[in-house]
Protein chains: 2
Amino acid sequence: MTTAPSASPDLSAVPDAELLRLDHQVCFSLHAASRAFGGYYRRALKDLGLTYSQYLVMLVLWEQGPQSVKAIGERLHLDSGTLSPLLKRLESAGLVRRERSREDERSVVIDLTDEGAELRERALSVPRGVLAATGLSLEEVLGLQEILGRLTGALGEAVDAD
Amino acid sequence: MTTAPSASPDLSAVPDAELLRLDHQVCFSLHAASRAFGGYYRRALKDLGLTYSQYLVMLVLWEQGPQSVKAIGERLHLDSGTLSPLLKRLESAGLVRRERSREDERSVVIDLTDEGAELRERALSVPRGVLAATGLSLEEVLGLQEILGRLTGALGEAVDAD
DNA sequence: CACAACTAAGTTGTGCACAACTCAATGGCG
DNA sequence: CGCCATTGAGTTGTGCACAACTTAGTTGTG
């Protein structure tokens with residue numbers, strides 16, 4: 001798929017009722033797909049004792065090393081209201097450490113424990129299964145990612161420009 | 001329905017660590033897009049007093065008329081644990097009625113109140129704004145929907161075939 | 001008919017998402 | 001220096017998602 005001349009003139013020609021139906025399908029599709037992914041991960045990650053969101057946080061830590069709550073939040077588009085309790089649970093599970101930064105006492109640096117770092121080895125087997133389970137080709141996955149990225153960006157801007 | 005002989009041979013050639021990174025991006029993209037959609041709707045639906053999920057339920061009722069909790073759940077892939085409290089909130093908001101079916105006393109039929117039916121008029125303006133905000137063309141939206149549908153189906157099967 | 005298997009809805013408990021808020025540390029700026 | 005706006009993390013409250021369970025109604029079978 002090429003990057004289309006996105007301002008489709010068709011859109012304004014479609015009647016409201018039809019759009020309502022289409023809208024149903026689009027937002028529902030995305031909602032459903034996201035939850036289907038979540039459902040798959042719930043099982044795949046059960047052995048590791050991680051939830052889907054906790055897995056995302058661990059991925060960030062495995063890839064980027066120790067960093068502040070704010071940095072993780074920016075990477076995943078999550079705020080402290082979501083991350084604070086999640087990180088506490090990861091801490092109780094013995095996977096991460098939380099300590100106040102010395103340079104800036106406001107910020108808390110999250111670091112992997114040895115146990116958390118070791119978990120990466122076991123997590124390596126997860127994504128291959130997931131990608132296989134999607135039934136999508138590598139090209140489709142990359143295309144999907146591209147379009148979802150644009151979608152997220154555009155919706156984010158639309159909300160900001162409120 | 002294994003329509004996918006498209007099993008890309010590439011996939012098995014990609015190293016684990018690379019897949020972990022890609023996986024991060026795919027599941028994160030979907031997660032983020034779904035939440036970006038949610039964020040947009042949160043604002044768009046604020047005037048109507050509906051949440052995103054409540055809107056999905058109302059769409060089903062507007063399109064298909066009175067039906068059981070189970071039927072709504074099948075349409076949206078949601079179980080009673082999610083729907084029961086959600087429908088109670090719609091009931092308190094005066095948008096739906098809940099009454100036991102006479103034929104089968106186990107099932108509860110959800111029906112729109114006049115107020116709920118009237119809300120449809122005000123909801124008609126929402127999807128045009130959303131589709132515009134995505135910045136996607138009609139073709140891209142349809143393509144996205146198709147691929148998400150396949151994704152959801154494949155992941156569902158993979159989980160069932162556990 | 002009786003009883004077991006099943007089904008629909010609801011309840012409970014855990015965790016995520018997010019708005020709105022508090023609180024302490026920081027960084028200007030007059 | 002003193003004051004105040006800003007920032008990072010955490011808390012509180014509401015709602016969704018889902019697993020596991022309960023309860024009541026239904027259906028199938030001997």
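Note on naming: letters A, B, ... go to the chains in the order of the sequence lines (proteins, then strands), and numbering restarts at 1 for each one.
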Check: Of R35(A) and S68(A), whose nearest nucleotide on DNA chain D comes first from the 5' end?
Finding: S68(A)

Check: Is there a donor on the side chain of T51(A) or the base of dG15(C) sitting less than 3.5 Å from an acceptor on the other?
Finding: no

Notebook entry, point to check: Which pair of non-hydrogen atoms, one from A33(A) and one from L151(B), has the smallest distance, and what is that distance?
Noted result: CB-CD2, 4.4 Å

Next item on the list: Take atom CZ of R102(B) and atom P of dA24(D), then tell me their distance rounded to the nearest Å.
Entry: 20 Å

Notebook entry, point to check: Between dC18(D) atom P and R43(A) atom CZ, what is the distance in whole Å?
Noted result: 12 Å

Next item on the list: Could you state the atom-to-atom distance from NZ of K88(B) to P of dG15(D) in whole Å?
Entry: 14 Å

Check: Under 4.0 Å between a side-chain N or O of S53(A) and OP1 or OP2 of dA17(C)?
Finding: yes

Checklist line | Side-chain ion pair, E91(B) and R98(B), N-O less than 4.0 Å | finding: yes

Next item on the list: Specify the separation, in whole Å, of atom OH of Y52(B) and atom C1' of dA17(C).
Entry: 13 Å

Check: Within the modelled atom types, does a donor on one side and an acceptor on the other bring the side chain of S80(A) and the base of dG10(D) under 3.5 Å apart?
Finding: yes

Check: Base, sugar-phosphate, or nothing: which does E74(B) touch, judged by heavy atoms less than 4.0 Å apart?
Finding: nothing

Margin query: By nearest atom, which of the nucleotides dG15(C), dG10(C), dC18(C) is closest to the Q54(A) side chain?
Written below: dG15(C)

Notebook entry, point to check: Taking the six-membered ring for Trp, are the ring centroids of F37(B) and H31(A) within less than 6.0 Å of each other?
Noted result: no

Next item on the list: To the nearest Å, give me how far apart CG (L87(B)) and P (dA9(C)) are.
Entry: 10 Å

Check: Side chain of R42(B): nearest nucleotide among dC18(C), dT11(C), dA9(C)?
Finding: dC18(C)

Checklist line | N or O in side chain of S84(A) less than 4.0 angstrom from dG10(D) OP1/OP2 | finding: yes

Check: Looking at residues at least two apart in the chain, or sitting in another chain, which of them share a salt bridge (Lys or Arg N to Asp or Glu O under 4.0 Å) with E146(B)?
Finding: R150(B)

Note to self: Suppose we define a pair by two distances each less than 3.5 Å, Watson-Crick or G-U wobble; what does dG28(C) pair with here?
What the structure shows: dC3(D)

Check: Could you state the CG-P distance from D104(A) to dC23(C), rounded to the nearest angstrom?
Finding: 20 Å

Checklist line | Touch class at under 4.0 angstrom, heavy-atom based, for L83(A) against every strand present | finding: nothing

Notebook entry, point to check: Can you find a donor-acceptor N/O pair under 3.5 angstrom joining the side chain of R106(A) to the base of dT7(D)?
Noted result: yes

Next item on the list: Using whole Å, report how far CG of L76(B) lies from P of dC18(D).
Entry: 11 Å

Checklist line | Phosphate contact (dG10(C) OP1 or OP2) by R98(B) side-chain N/O below 4.0 Å | finding: yes

Check: H31(A) has an atom NE2; how far is it from atom P of dA17(C), in whole Å?
Finding: 13 Å

Item checked: Among V69(A), V108(A), T82(A), the one residue meeting side chain to side chain contact (heavy atoms under 4.5 Å, CB included) with L87(A) -> V69(A)

